[in-house]
Each structure stands twice: as structure tokens, then as C-alpha cells.
There are 2 protein chains.
Amino acid sequence: MKNKQVTIKDLARKLRLSVSTVSRALRNLPDINEETRRKVLELAAGLNYEPNYIAQSLINKQTRTIGVIVPIIATHFFSHALSGMNEVANEHGYHLMFCQSNESAEQEAEGIRQLASCRIDGLLISVSKQTQDAAPFEKLQQKGIPFMFFDRDLRHVTASRVIVDQYKGAFKAVEHMIQQGCQNIVHMAGPKGLSVADERLRGYKDAVEKHGLPFSPKHIVHCGKFQLDAPEAIKKLMKLQPDGIFCINDPSGVIAIQHLKTTGYCVPGDVKVVGFNGDPVAEVVEPALSTVVQPGYKVGREALKMLIRHIEEKSLETEELVLEGKLVIRKSSKMC
Amino acid sequence: MKNKQVTIKDLARKLRLSVSTVSRALRNLPDINEETRRKVLELAAGLNYEPNYIAQSLINKQTRTIGVIVPIIATHFFSHALSGMNEVANEHGYHLMFCQSNESAEQEAEGIRQLASCRIDGLLISVSKQTQDAAPFEKLQQKGIPFMFFDRDLRHVTASRVIVDQYKGAFKAVEHMIQQGCQNIVHMAGPKGLSVADERLRGYKDAVEKHGLPFSPKHIVHCGKFQLDAPEAIKKLMKLQPDGIFCINDPSGVIAIQHLKTTGYCVPGDVKVVGFNGDPVAEVVEPALSTVVQPGYKVGREALKMLIRHIEEKSLETEELVLEGKLVIRKSSKMC
DNA sequence: CTGTTAGCGCGTTCAA
DNA sequence: TTGAACGCGCTAACAG
């Protein structure tokens with residue numbers, strides 16, 4: 001039943017040639033008679049010959065496979081990033097091997113180990129919320145496996161990265177709220193230590209301070225798992241009687257809006273809300289949620305392009321590409 | 001700079017043993033002195049030895065890698081399915097290689113070709129909206145590469161599959177609408193020929209007929225790209241003055257609700273709406289959209305589990321697992 | 001218990 | 001222009 005793959009050896013036998021001649025013909029190397037090449041190519045096509053990439057990899061020491069680790073696939077941003085990577089991979093003849101860390105540093109380290117032992121040519125990673133330890137990345141460096149961060153990175157690790165300017169996005173968003181009349185803006189923040197969350201917080205704080213709005217540590221509440229923590233976070237934040245809530249992402253923005261509505265507040269009349277990401281739910285909630293749209297697809301594309309370039313040029317320099325999110329203003333933050 | 005990986009040969013040299021002895025020690029085979037095994041294992045750990053899976057694959061003829069092809073990753077259902085597969089893959093020591101067809105039969109065929117030439121051990125696929133041709137799958141069969149469908153399948157291709165009972169889900173949904181008082185239900189359908197869309201349509205039609213509700217070909221409008229076609233489809237359907245719209249999925253259900261509201265209808269008062277899938281937007285839209293939640297994560301898990309079983313048992317029988325969606329009733333379809 | 005030999009499918013010398 | 005021989009890292013068969 002098992003249909004053995006035809007090998008270069010089979011071709012050689014049928015043509016009474018040596019394997020090395022066949023190999024040369026197949027790879028379009030010079031130093032070969034046009035006539036023999038034609039014959040080889042013809043038979044190869046006829047017999048449906050396909051090179052064994054495994055065998056080639058064993059020699060080349062390259063697999064044309066890139067590993068990708070994301071915290072959670074089922075996310076608007078990361079699924080779009082993967083989609084972008086998929087396209088670039090196709091364009092350049094690479095394959096993608098993926099792994100999900102489930103926001104766990106442990107699973108992430110295990111994923112890195114697994115993928116690295118597969119002899120991938122490079123690794124693209126967006127770290128989990130927990131990740132602090134640089135050790136797994138140092139091991140990659142020792143092994144000589146090129147890797148890069150995309151979106152969520154570890155600041156203190158020397159590596160290339162493609163990120164989105166979270167600081168600027170947050171700053172723009174908060175400044176917009178101020179322009180719309182907010183005088184007291186609070187921030188439902190993400191987990192401490194996560195690069196993107198820290199940057200958004202920094203952007204929020206700078207915008208608030210630049211415009212002389214009130215600020216205190218109480219203006220910020222951190223959420224680990226926002227689906228769980230958000231409701232309580234909002235209650236805490238509302239004690240400050242804010243007229244604006246800047247949320248770490250869109251799902252939490254949606255929760256905020258829903259909570260405000262059920263507790264008798266008017267959005268945007270009493271309180272304006274802005275989220276972050278560009279999730280589909282932001283467009284659907286009522287009032288529609290203003291947000292900073294992250295270019296997930298583009299992040300994926302650019303990250304893989306950069307990594308492939310580094311791999312193929314054997315470049316050791318680190319590079320950093322910073323993209324920008326786009327503030328999309330909807331009803332939830334408009335003056336009325 | 002390049003840190004050469006330590007090989008079994010290096011271990012052998014340092015221990016003055018033969019490579020085969022080392023190999024046996026490493027693999028915990030019998031016929032080996034406990035003392036030597038200990039030494040080998042110790043040195044291997046000390047030198048950070050890692051087996052070269054490429055070389056092993058060349059011999060075993062197995063890569064412990066599964067290919068996955070999905071129409072669109074950035075989708076609630078498929079991203080959750082991938083997530084489920086990722087978990088099972090980890091549990092069983094497999095890797096996942098993925099590829100997106102972008103709903104194009106051509107890209108899908110190319111993806112199959114690409115993955116197959118990578119010497120994957122098996123393939124999991126959910127077909128594109130366009131796919132009709134069975135040829136790519138026959139080639140897989142010839143090559144002896146086990147493959148399976150999940151969710152969207154090609155009915156006339158003999159292969160195992162893990163699917164969700166779309167017929168039953170649609171039937172339940174429409175029957176629920178009838179119970180809530182609908183007398184004239186129309187259907188915003190998916191593309192013709194797509195297995196899941198056809199089944200949902202069948203379920204809709206049977207439920208309507210069972211209860212003696214009016215039905216005509218005009219009660220159904222097909223959408224290819226629902227984001228584009230939905231608005232027009234709704235206009236057409238509304239000419240029949242329905243009091244219920246059963247939508248092919250949640251995004252189109254959301255569009256329906258929004259359209260109805262802006263044209264002066266009350267949902268669910270005048271018209272009840274039910275979607276399909278369980279996308280997050282369904283919970284957020286107002287009124288919240290009733291839907292049939294598809295167990296995407298479980299489909300992914302079960303599909304990969306089944307495929308791995310088939311691979312490891314070299315089973316040739318085809319198997320079919322049918323899961324069920326769950327009707328979740330929200331405001332958009334409640335009697336009032 | 002251990003080592004020798006052969007080979008997986010292919011690429012890379014080097015002679016011929 | 002072609003072919004023989006060797007090696008990639010590892011496993012498998014057999015002999016010792």
C-alpha cells in the first residue's frame with residue numbers, strides 16, 4: 001500500500017546515469033549536457049519525483065521552517081499577525097510551525113525548547129504576560145538560532161523586534177479624550193511588566209500630566225485576566241468619579257461600557273471610554289468604542305520579512321521596526 | 001560563532017565507545033550495561049546533547065509533524081480549533097505546521113502540495129468555500145499521507161472527519177424561533193456547495209416545513225462574502241416582510257440587527273434574529289444575538305486526536321465524529 | 001554487552 | 001561532462 005516516494009536513485013537507475021549527475025540536472029547546476037538534463041527533468045516529471053527535503057535539510061543544516069510562539073492564537077491581533085506571517089512564508093518558500101504559550105512562561109519555555117530541537121531556521125515570538133526570565137532566549141543565542149520579538153517583547157533581551165508604538169497610541173488616545181472635554185481620566189491597565197501594557201500606561205500618564213489633569217496612583221488599576229478583573233477594576237475606578245476611562249484593550253472597554261450603562265451612566269455623555277486594539281467587538285458595542293487599531297497583519301508580515309532577511313544574510317545586527325497604531329474615533333468618546 | 005550541535009559521535013569519541021552503543025544508551029534500549037548507560041546519559045546532559053530529529057526522520061520516515069490547512073485563521077472558530085490542536089499536539093509530542101487557504105481552492109491546493117512535500121505525518125483540513133475538486137486529496141491518498149477533514153468537508157471524498165451537526169443546530173435554532181412566535185422566517189444563507197452552509201440551509205428548511213410555515217425560493221438569499229453581500233441580502237429578504245431572520249453566522253446576524261434598527265424595525269419585537277457560531281460580537285450587539293455556539297476548540301482537539309490515532313495505528317478505516325452545537329438564546333429572538 | 005557495517009536520500013568533493 | 005566515494009546524524013542488522 002505504501003507508495004514509496006521515487007528518489008534520485010530511481011531516476012539514475014532508469015536512465016543509467018549516476019546519482020550525482022541526476023542531482024546536478026535537477027538543481028540546474030552548470031557542467032551538464034543539455035540533453036541529459038532534459039531527459040532527467042522529463043523522467044522526474046513523469047514519475048512525479050519530489051525531492052526529499054528531510055535529506056536536504058540534513059546536509060544544508062536548514063529546514064526552511066520558522067517557529068512562531070504566540071500567547072493566545074484566538075485573539076484578533078495574534079490571529080491576524082499569523083495570517084500576515086503565513087503570506088510572507090508562502091512568498092519566500094518557508095513553512096510555519098506554531099505553538100501557543102497560553103500566557104504561561106513555563107509553556108513558553110517548553111515551546112521554545114521543542115521548536116528549537118526541531119531545527120527551525122528561526123523563531124518569532126511574542127512573550128506571555130508572565131515572561132520575565134531571559135534564560136530561554138540566551139539558550140537560543142547559544143544554539144545560534146536567530147530569533148526576534150514581535151509586538152510583546154522582553155526589553156532587556158538583545159534581539160531584533162517589530163513592535164507597535166504603544167506609547168504614542170495611548171498618548172494620542174488620551175489626548176483625544178481630553179480634547180473631547182475629559183477632565184478626569186482613569187486607566188484600566190494591563191499586567192505590570194508586560195511591555196505593551198507598560199508603554200500604554202506611560203502614554204496615558206504623560207498625556208494626563210502634560211495637560212495638567214489630576215493624577216494619583218488610584219487612577220490606575222491593573223488587570224491580569226481582564227475578563228475576570230475588569231468588573232471589579234471599574235468599580236474601583238468609578239470611585240474617583242472620572243469622566244473618562246482609558247482601557248487596556250477593547251474587550252475590557254466593552255465591559256466598561258456595559259457596566260456604566262447598567263449602573264446608570266451615559267456613555268459618552270457622563271463618561272467617555274476608549275479601548276485599544278481594533279477588535280470587532282469595538283464596532284458593535286453601543287455606543288461604538290473608540291480604539292487604537294493595531295496593525296496585526298502588518299506586524300506579522302514585517303516581522304517575518306525581517307527575520308528571513310537576517311537568516312539569509314546571516315546578519316547579526318539587531319534591528320527594530322516600530323509601526324504605528326491608528327486612533328479610530330467612534331461614539332464612545334465623542335463630545336456631545 | 002556557530003555553536004555546532006553536539007552529536008552522538010562526539011559522545012562516543014569522548015567515552016571511547018561506539019556510536020551504536022551510545023545510541024542504544026540514549027534510547028533506553030535493553031542489552032546495555034547500566035554503568036555505561038549512566039555514563040552516556042551523564043555526559044549527554046553535561047554537553048547539552050540534543051538528538052537531531054532531522055536525521056531520525058530520514059530513517060523513521062516520520063516527522064511527528066502534522067499539517068493544518070484552514071480557510072482563514074483570523075476567525076473565532078478556526079483560531080479556537082487551532083488552539084485545541086495545539087494542545088493535543090503538545091500532549092502527544094507532535095508539531096503543527098499551518099497554512100491558510102484564504103478561501104481559495106487554488107491556494108489550498110498549493111498549500112496541500114507544499115505541506116505534503118515536507119514529509120508531514122498527516123494533514124488536517126477544513127476546505128475553502130470554493131473547493132470542489134477532489135484531485136488534491138486523491139494525490140494525498142496516493143502518496144499515502146493520512147488526512148482528515150474537520151468542520152468543513154468534501155462530502156464525496158472518502159476520509160475521516162470531525163464535524164459539527166449543522167443540520168441539527170440550524171433545526172433547533174429555527175424551531176426555537178417558531179416557538180417564540182415567528183410565522184415567516186427567512187434565511188440569509190452561505191455559499192452554495194459549502195458543506196456547512198448546505199446543512200444549515202437544510203435544517204432551516206426542514207424546520208420551517210415541519211411547522212407549516214410559508215416557504216419559497218425567495219425565502220433564501222445566498223451570500224458569498226457576507227461582509228459585502230449581507231446588506232443587500234437583507235434588503236431582498238425584508239421584501240417578504242418576515243418576522244424572523246435566520247443568519248448563516250454571527251457577523252451577518254449583527255449586520256442584520258444593525259440594518260433592521262436603522263430602518264425602523266424593532267428587534268426582537270418586529271423581527272427576531274438568530275445567528276450561528278458563537279462569535280464574541282454576538283454577545284455585544286444590542287439586542288444580544290442568539291446563536292448556535294460551535295465547539296471550535298473541541299473540534300480541533302478531537303480531530304487531531306483522531307488523526308494521531310489513525311497514524312499510530314496505521315488504521316485505514318475512516319471514522320466520523322459528529323459533535324453538537326449549543327443553542328444559546330439571547331434577547332434578539334425572545335418573545336416580548 | 002559492544003562494535004562493525006550498511007544505509008536513509010541527498011550534496012559535495014575529486015578524479016576520470 | 002560524468003561518476004565514484006564520502007559524509008550529514010542517526011538507526012538497524014549482525015557479528016563478536
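These numbers come from the heavy atoms of this one structure, side chains and all, not from hydrogens, waters or symmetry mates. Below, chains carry the letters A, B, ... as their sequence lines are ordered, and counting in each starts from 1.
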Visitor: Have A:H310 and A:E319 got a donor and an acceptor in their side chains that come within less than 3.5 Å?
Guide: yes
Visitor: May I ask you to verify if any side-chain N or O of B:Q56 is less than 4.0 angstrom from the OP1 or OP2 atom of D:dG9?
Guide: no
Visitor: So that I know where these two stand, are B:F78 and B:F98 an aromatic pair - ring centroids less than 6.0 Å apart?
Guide: no
Visitor: CG of B:D10 versus P of D:dC10: gap in Å, rounded?
Guide: 9 Å
Visitor: B:E34 or B:R119: which one's nearest nucleotide on DNA chain C is closer to the 5' end?
Guide: B:E34
Visitor: At under 4.0 Å, does any side-chain N or O of A:S20 touch on OP1 or OP2 of D:dG3?
Guide: no
Visitor: Roughly, in whole Å, what's the span from CG in A:L15 to C1' in D:dT1?
Guide: 16 Å
Visitor: Classify the angle between the aromatic ring planes of B:H76 and B:H80 as parallel (below 30°), tilted (30 to 60°) or perpendicular (above 60°).
Guide: tilted
Visitor: With a non-hydrogen cut-off below 4.0 angstrom, is B:D31 in contact with a base, only sugar-phosphate, or nothing?
Guide: base
Visitor: With A:F137, which of A:V127, A:L123, A:T158 fulfils side chain to side chain contact (heavy atoms under 4.5 Å, CB included)?
Guide: A:V127
Visitor: To the nearest Å, give me how far apart CD1 (A:I8) and P (D:dC8) are.
Guide: 19 Å
Visitor: The side chain of B:N52 is closest to which nucleotide in this list: D:dC10, C:dT2, C:dG9?
Guide: D:dC10
Visitor: Would you state whether a donor and an acceptor, one from the side chain of B:S23 and one from the base of D:dA12, lie under 3.5 Å apart?
Guide: no
Visitor: With side chain to side chain contact (heavy atoms under 4.5 Å, CB included) as the criterion, how do A:L307 and A:F150 come out once you've worked through the C-alpha distance, each side chain's angles and the decisive distance to 0.1 Å?
Guide: CA-CA 10 Å; A:L307 181 60; A:F150 69 98; over 6 Å; no
Visitor: Return the value, rounded to whole Å, for the distance between atom CG of A:L11 and atom C1' of D:dG3.
Guide: 16 Å
Visitor: Under 4.0 Å from OP1 or OP2 of C:dG9: is there any side-chain N or O of A:Q5 that close?
Guide: no
Visitor: Check whether any side-chain nitrogen or oxygen of A:R27 sits under 4.0 Å from OP1 or OP2 of C:dG11, and answer yes or no.
Guide: yes
Visitor: Between C:dG11 atom P and A:N28 atom CG, what is the distance in whole Å?
Guide: 12 Å
Visitor: Passes salt bridge (Lys or Arg N to Asp or Glu O under 4.0 Å), A:E34 versus A:R37? Steps please.
Guide: CA-CA 5 Å; A:E34 264 317 314; A:R37 159 172 300 145; 3.0 Å; yes
Visitor: Less than 4.0 angstrom between a side-chain N/O of B:K9 and OP1 or OP2 of D:dG7, yes or no?
Guide: no
Visitor: Does A:Y49 put a side-chain nitrogen or oxygen below 4.0 Å from OP1 or OP2 of C:dC10?
Guide: yes
Visitor: What is the distance, rounded to the nearest whole Å, between atom CG of A:L26 and atom C1' of C:dG11?
Guide: 12 Å
Visitor: Contact class for B:I59 (heavy atom, under 4.0 Å): base, sugar-phosphate, or nothing?
Guide: base
Visitor: Is there a side-chain contact between A:T7 and the phosphate of C:dG9, meaning an N or O under 4.0 Å from OP1 or OP2?
Guide: no
Visitor: Can you tell me the distance, in whole Å, between the CD1 atom of B:I32 and the P atom of C:dT2?
Guide: 6 Å
Visitor: Let me know the distance between CG of A:L29 and P of D:dT2, rounded to the nearest Å.
Guide: 13 Å
Visitor: Let me know, please, whether A:L17 or B:L58 comes out on the 5' side of the other along DNA chain D by nearest nucleotide.
Guide: A:L17
Visitor: Taking donor-acceptor contacts at under 3.5 Å, does the side chain of A:R24 reach the base of D:dG3?
Guide: yes
Visitor: Hey, is the side chain of A:S18 poking within less than 4.0 Å of OP1 or OP2 on D:dG3, counting only N and O atoms?
Guide: yes
Visitor: So does B:T36 get a side-chain nitrogen or oxygen closer than 4.0 Å to the phosphate oxygens (OP1/OP2) of C:dT2?
Guide: yes
